[in-house]
Amino acid sequence: KAGVTQTPRYLIKTRGQQVTLSCSPISGHRSVSWYQQTPGQGLQFLFEYFSETQRNKGNFPGRFSGRQFSNSRSEMNVSTLELGDSALYLCASSLEGLVSYGYTFGSGTRLTVV
Amino acid sequence: SQQGEEDPQALSIQEGENATMNCSYKTSINNLQWYRQNSGRGLVHLILIRSNEREKHSGRLRVTLDTSKKSSSLLITASRAADTASYFCATGVYGNKLVFGAGTILRVKS
């Protein structure tokens with residue numbers, strides 16, 4: 001079966017712009033989580049969506065937002081980009097979103113803010 | 001912020017040798033998971049051990065968990081060049097999120 005698909009793979013944006021990243025989970029999976037990976041802070045949890053509802057949110061400013069559609073595809077948006085938002089953004093898919101089972105990650109979107 | 005520390009930060013071994021990575025965490029957990037990441041790509045789930053388990057095996061991988069010491073170790077036996085990657089432990093905490101360690105960079109020389 002198809003894995004988790006993240007688009008685009010690479011993005012270059014200018015400070016102050018906004019960006020939208022997309023994640024298509026494994027077919028049948030209803031939970032999508034987003035993580036940010038930077039050299040300085042490592043992997044940090046952004047938020048989790050389940051059946052179109054945000055169930056959990058990490059400690060990120062309101063510039064980071066997301067949503068999930070009825071087909072479980074998810075998007076995350078970052079507004080007013082800052083240089084520090086440059087990172088690899090990873091999306092994780094799971095059946096019910098429970099940490100009792102492993103997550104399947106996509107290949108990520110590498111965002112560079114200049 | 002990260003849950004804990006991984007040790008060592010980097011490890012270089014010869015092909016065929018065993019590699020051991022350690023992970024410590026701070027809070028109560030539901031489970032602990034290990035992931036592999038190749039060259040800044042996506043994470044691949046390797047193995048999950050529940051808080052009531054002490055040891056688990058999967059192929060060449062062996063994971064131990066000591067909840068009293070809040071620590072875990074990942075052993076990769078008979079390492080191969082293809083095992084070269086970054087390895088992360090992640091604790092499954094209540095609230096359905098993973099809290100990752102800083103990772104260990106493993107280099108297996110052929």
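Proteins get letters first, then strands, A, B, ... in listed order; numbering begins at 1 in each.
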Connected via hydrophobic side-chain network under 4.5 Å: A:F50 and A:F47: no
Greater than 12 external heavy atoms within 6.0 Å of B:Q14's CD: yes
Residues, nucleotides or ligands: over 12 heavy atoms within 6.0 Å of A:R15 CZ: no
Co-membership, hydrophobic cluster, residues B:L46 and B:L65, 4.5 Å side-chain: yes
Sequence neighbours excluded, every pair satisfying side-chain hydrogen bond (donor to acceptor under 3.5 Å, both in side chains) that has a member inside residues 80-89 of chain B: B:R60-B:D83
Flag if over 12 foreign heavy atoms under 6.0 Å of CD1, A:I12: no
Nearest-0.5 Å distance, OG of residue A:S107 to CD of residue B:Q37: 10.0 Å
Criterion side chain to side chain contact (heavy atoms under 4.5 Å, CB included) on A:F105 and B:R41, from CA distance to verdict: CA-CA 10 Å; A:F105 281 81; B:R41 302 285 300 262; over 6 Å; no
Any side-chain heavy-atom pair of B:F88 and A:L43 under 4.5 Å: yes
Contacting moiety of A:Q37, where chain B heavy atoms sit under 4.5 Å: side chain
Pairwise side-chain contact, A:K57 with B:K97, heavy-atom cut-off 4.5 Å (strictly under): no
hydrophobic_cluster_shared for A:L111 and A:F64, side chain cutoff 4.5 Å: yes
Aromatic contact, B:F100 with A:Y35 (centres under 6.0 Å): yes
Cluster overlap A:F60 with B:L98, hydrophobic side-chain contacts below 4.5 Å: no
Residues of residues 71-91 of chain A within contact distance of chain B, non-hydrogen under 4.5 Å: A:L88, A:L90
Joint cluster assignment, B:L74 & B:I105, ILVMFWY side-chain distance < 4.5 Å: no
Ring centers of B:Y35, A:Y103 separated by less than 6.0 Å: no
